[in-house]
Amino acid sequence: MKNEFVLEEVDSPEWLEKIARFRVEVWSHNGMIDLSYFPENKCLEEVDKIATHRVANWRGQLIAATRYTYYRDLESTHHGDYYKKQGIRLAGSVVIPEHTVVHPDFVGRGLGKAITLAHRRQALEDGARYTISENTKVNADLMRKMGVKSLGLAPPDPRFPGIEFEWMYSELALYSKEDEGSK
């Protein structure tokens, strides 16, 4: 079934609004969030304006969304101070794939892997040196199977009470554009 889903890039204000509401819908369904942090039932952040957004649809229904942002170095990222405070250092350009959400009815059908590979392909095309992201335990375990390494646990995020996030990173020199294009 993985070949039935097509990821497409979207960037209109209407899509950003739809994605922002979809994030909260999925997180809420999964019991992951404190809704008081999302009073409008959406998660729309300043970085969304500069990020690349990908979505998957199924019969007209949004079933997955993710964002990807490229930076010249870790310090210039929208999380730069946060990483610095936590002692994370990566020299070179970096991409941050984050806020990946999959509709509960479509979990386990290959969308997470397809999204991760799409991010990796774009990072290789962009000439990035690393990817870094925060992941739930389930996602971190999936990423480990795909060769992604851990930088340890992230500090708690009050928006996501009881959820432990793990920083995961890939050194992109270990992958080639040709390898990623064939997957």
Side-chain angles (χ1 to χ4, degrees), residues 2 7 19-20 22-35 37-38 43 45-48 51-54 56 64-71 73-104 106-124 126 128-175 180 183:
K2 66 181 176 180
L7 293 172
I19 290 167
F22 183 64
R23 289 172 181 160
V24 171
E25 177 187 321
V26 171
W27 293 335
S28 183
H29 180 273
N30 291 328
M32 295 176 64
I33 58 173
D34 177 342
L35 280 171
Y37 286 92
F38 307 96
C43 175
E45 299 169 330
E46 194 63 29
V47 68
D48 285 312
T52 298
H53 296 271
R54 288 187 179 87
T66 188
R67 103 175 152 210
Y68 165 104
T69 317
Y70 172 89
Y71 296 94
D73 56 45
L74 195 63
E75 292 76 26
S76 66
T77 71
H78 60 284
H79 295 312
D81 290 338
Y82 170 69
Y83 293 137
K84 186 177 183 178
K85 183 179 176 184
Q86 299 303 318
I88 295 176
R89 306 279 188 269
L90 297 173
S93 55
V94 62
V95 297
I96 301 176
E98 60 189 343
H99 286 350
T100 298
V101 288
V102 175
H103 188 284
F106 292 86
V107 170
R109 296 188 185 186
L111 279 164
K113 184 174 182 178
I115 289 167
T116 299
L117 291 174
H119 287 316
R120 191 180 289 165
R121 277 190 297 276
Q122 184 172 355
L124 287 165
D126 290 345
R129 186 162 180 198
Y130 300 99
T131 64
I132 185 170
S133 60
E134 287 185 34
N135 296 267
T136 62
K137 179 174 179 10
V138 170
N139 289 343
D141 290 345
L142 169 68
M143 306 236 349
R144 260 188 280 286
K145 289 178 186 175
M146 296 174 67
V148 180
K149 307 270 190 265
S150 175
L151 289 168
L153 293 179
D157 183 334
R159 300 173 303 166
F160 300 89
I163 304 294
E164 281 191 337
F165 289 100
E166 186 173 351
W167 285 306
M168 303 297 289
Y169 84 104
S170 289
E171 192 167 345
L172 292 164
L174 301 175
Y175 306 98
E180 291 305 309
K183 292 183 180 176

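Only this structure's heavy atoms are used, side chains among them; waters, hydrogens and symmetry mates stay out. Note that this is a predicted model, so its numbers are computed, not measured.
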Full working for side chain to side chain contact (heavy atoms under 4.5 Å, CB included) between Thr100 and Asn135: CA-CA 9 Å; Thr100 298; Asn135 296 267; over 6 Å; no
pair Glu164-Pro156: side-chain heavy atoms closer than 4.5 Å: no
Spacing of OG1 belonging to Thr116 relative to CG belonging to Asn139, to within rounding of 0.5 Å: 7.5 Å
Spatial distance of atom CG (Leu111) from atom CG (Leu7) [nearest 0.5 Å]: 7.0 Å
Close side-chain approach of Asp48 to Arg23, heavy-atom, < 4.5 Å: yes
Separation between CG of Leu151 and OH of Tyr169, rounded to the nearest 0.5 Å: 6.0 Å
Under the side-chain contact (heavy atoms from CB on, under 4.5 Å) test, residues paired with His29 that sit two or more places apart: Pro104
Stepwise side chain to side chain contact (heavy atoms under 4.5 Å, CB included) test for Tyr83 and Val94: CA-CA 12 Å; Tyr83 293 137; Val94 62; over 6 Å; no
Side chain proximity check, Phe22 to His103, heavy atoms < 4.5 angstrom: yes
Under 3.5 Å donor-acceptor, Tyr68 side chain and Arg54 backbone: no
Residue pair Thr66 / His99, side-chain donor-acceptor N/O under 3.5 Å: no
Separation of Ser170 OG from Ile132 CD1 (nearest 0.5 Å): 10.5 Å
Audit row: Thr77, Thr69, side chain to side chain contact (heavy atoms under 4.5 Å, CB included) steps and yes/no: CA-CA 8 Å; Thr77 71; Thr69 317; over 6 Å; no
Side chains of Val95 and Arg120 in contact at under 4.5 Å (non-hydrogen atoms): no
Phe165: partners by ring-ring contact (aromatic ring centres under 6.0 Å, His included), with sequence neighbours left out: Phe160
Pair Tyr71-His78, side-chain donor/acceptor within less than 3.5 Å: yes
Student check: side-chain heavy atoms of Leu172 and Thr131 closer than 4.5 Å: yes
Atom pair OG (Ser93) and CG (Asp126), whose distance is rounded to the nearest 0.5 Å: 8.5 Å
Partner residues of Phe38 under the ring-ring contact (aromatic ring centres under 6.0 Å, His included) criterion, sequence neighbours left out: Trp27
Pair listing, side-chain hydrogen bond (donor to acceptor under 3.5 Å, both in side chains) test, anchored in residues 141-159, at least two apart: Glu45-Arg159, Lys137-Asp141, Asp141-Arg144, Arg144-Glu166, Ser150-Glu166, Asp157-Arg159
ring-ring contact (aromatic ring centres under 6.0 Å, His included) partners for Tyr82, two or more places apart: His79, Trp167
Straight-line distance of Arg129 CZ to Asp73 CG, nearest 0.5 Å: 12.0 Å
Side chain to side chain contact (heavy atoms under 4.5 Å, CB included) evaluation trace for His119 with Ser133: CA-CA 11 Å; His119 287 316; Ser133 60; over 6 Å; no
Pairs satisfying salt bridge (charged side-chain N to carboxylate O under 4.0 Å, His left out), at least one member in residues 82-99, at least two apart: Arg67-Glu98
Non-hydrogen side-chain atoms of Val101 and Met32 separated by less than 4.5 Å: no
